[in-house]
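Source: prediction; values computed, not measured. Numbers restart at 1 for each chain; the letters A, B, ... are given by sequence-line order, proteins then strands.
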Amino acid sequence: DGGITQSPKYLFRKEGQNVTLSCEQNLNHDAMYWYRQDPGQGLRLIYYSQIVNDFQKGDIAEGYSVSREKKESFPLTVTSAQKNPTAFYLCASSVQGAGETQYFGPGTRLLVL
Amino acid sequence: AQSVSQHNHHVILSEAASLELGCNYSYGGTVNLFWYVQYPGQHLQLLLKYFSGDPLVKGIKGFEAEFIKSKFSFNLRKPSVQWSDTAEYFCAVIAGRDYKLSFGAGTTVTVRA
């Protein structure tokens, strides 16, 4: 059953804590993306990776970090430097190439305690 | 940088009514255009897309959209909505040879039975 999985569905972060959101895909896609969704603002790009061991900052990368050690995995770490981390985080993937259709995972909702 | 604007924040209509959601973008070059839908409790799904060719594209569940290049618009339509069309709808654009998907703020559609 092909698709994109994200875990956990809900995540709670304490002040000053780093947390890591998981994203896995078995679609054999080269490119992967992380977006943040806030009410009334649509989705904004945090980081993207076109190929293994390579990634680029999106529009709102400050306070976040990523790694791309495997083709199927693109974890996102929300660091303590991110001052407003409460949001819905969506991972996406696409075949390699500019302008391609992106397919989305179910998302992780991060809440700060 | 391109921007995407969706004209309506919240649309409320009755079953069997016609739906049209407006979307305009600011980029003057070649674009790929998308409409995504997010049903309550579900992940973001592709409704339809336009890359080239016939500017009237048909998607899933009876939706269609028309690309009007001169107006920088990609409006979504459905002739007769159902209660199950209640969802949030996002217009998105990839400009030229870019990897970044730019989203509108979204339109919440509520269909009353």
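Hydrophobic clustering places A:Val78 together with A:Leu11 (ILVMFWY residues linked when any side-chain heavy atoms are closer than 4.5 Å, directly or through intermediates). In the hydrophobic clustering of ILVMFWY residues, with side-chain heavy atoms under 4.5 Å counting as a link, A:Val112 and A:Ile60 come out apart. A:Val95 and B:Tyr50 are assigned to two separate hydrophobic clusters, defined by single-linkage of ILVMFWY side chains at heavy-atom distances under 4.5 Å. Linking ILVMFWY side-chain heavy atoms closer than 4.5 Å, directly or via other members, places B:Val37 and B:Leu48 in a single hydrophobic cluster. B:Phe67 and B:Ile60 end up in the same hydrophobic cluster when Ile, Leu, Val, Met, Phe, Trp and Tyr side chains are linked at under 4.5 Å.
With a 4.5 Å cut-off on non-hydrogen atoms, A:Leu45 touches chain B through its side chain but not through its backbone. Proximity to chain A (any heavy atom under 4.5 Å) is shown, for B:Leu101, by both the backbone and the side chain. Looking at B:Gln6, neither its backbone nor its side chain comes within 4.5 Å of chain A, counting heavy atoms on both sides. With a 4.5 Å cut-off on non-hydrogen atoms, A:Gln50 touches chain B through its side chain but not through its backbone.
Per-residue heavy-atom pair counts under 4.5 Å with chain A were compared for B:Gly104, B:Gly106, B:Ala105, and the maximum is reached by B:Ala105. Most heavy-atom pairs under 4.5 Å with chain B, from the set A:Tyr33, A:Tyr35, A:Tyr48: that is A:Tyr35.
Under a cut-off of 6.0 angstrom, the local environment of NE2 in B:His10 is crowded, with over 12 non-hydrogen atoms contributed by other residues, nucleotides or ligands. Enclosure of atom CZ in B:Arg112 is not indicated, since only 12 or fewer non-hydrogen atoms of other residues, nucleotides or ligands lie within 6.0 angstrom. No more than 12 heavy atoms of other residues, nucleotides or ligands shown are found within 6.0 angstrom of CD on A:Glu62.
In this structure, B:His43 and A:Gln6 have side chains that are not in contact, with every pair of non-hydrogen atoms separated by 4.5 Å or more. Contact check for B:Leu44 versus A:Tyr103: no side-chain heavy atoms found under the 4.5 Å cut-off. Using a 4.5 Å heavy-atom cutoff, the side chains of A:Thr101 and B:Phe34 are in contact. Using a 4.5 Å heavy-atom threshold, the side chains of A:Asp59 and B:Lys100 count as touching.
Proximity of a side-chain donor or acceptor of A:Gln102 to a complementary backbone N or O of B:Tyr99 within less than 3.5 Å is detected.
The distance from atom CZ of A:Phe104 to atom CD of B:Gln38, rounded to the nearest 0.5 Å, is 9.5 Å.
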